[in-house]
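Residue numbers run from 1 in the order of the sequence given. Since the model is a prediction, treat every value here as computed from it, not as a measurement.
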Amino acid sequence: NDPSATNVAQTVVNGVNRRTAEGKIFMPAFGEGYSDDDIAPVANYITGRFGAKGANLTGKDVTDLRKQATH
């Protein structure tokens, strides 16, 4: 339900590796294998299909998210 799709994009770029009370949650990172212009429409699709509303994330938005993660 993140209307900006930034959480989804960050998950695709960086992956997930967490341990919860229910067990381990793991998804590999795809940030090295796909461009920002590839990741943006995937995040928009996921948000539109499984969220309350679709997003309009752009490749530039994903580029900016990557920069935030390194600072």
Under the 3.5 angstrom rule, does the side chain of [X] hit a backbone N or O of [Y] as a donor-acceptor pair?
X	Y	result
Asp36	Lys60	no
Arg66	Gln10	no
Asp64	Asp61	no
Asn17	Phe26	no

Test log, rule side-chain contact (heavy atoms from CB on, under 4.5 Å), inputs Leu65 and Val13: CA-CA 9 Å; Leu65 289 172; Val13 170; over 6 Å; no

Heavy-atom pair with the smallest gap, counting every atom of [X] and [Y]:
X	Y	result
Asp2	Asn7	OD2-N, 3.0 Å
Gly59	Asp37	CA-OD1, 3.3 Å
Ala9	Val62	CB-CG2, 4.4 Å
Ala5	Thr47	CB-OG1, 3.3 Å
Ile46	Val8	CD1-CG1, 3.9 Å

From CE (Met27) to CG (Asn14), nearest 0.5 Å: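 Reported value, rounded in 0.5 Å steps: 9.5 Å.
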
Distance in Å, Asn44 CG paired with Ser4 OG, rounded so as to fall on 0.5 Å steps: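 Between Asn44 CG and Ser4 OG, I get 10.0 Å after rounding to 0.5 Å.
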
The single option from Ile39, Val12, Val42 passing side-chain contact (heavy atoms from CB on, under 4.5 Å) against Phe30: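 Only one of Ile39, Val12, Val42 forms a side-chain contact (heavy atoms from CB on, under 4.5 Å) with Phe30, namely Val12.
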
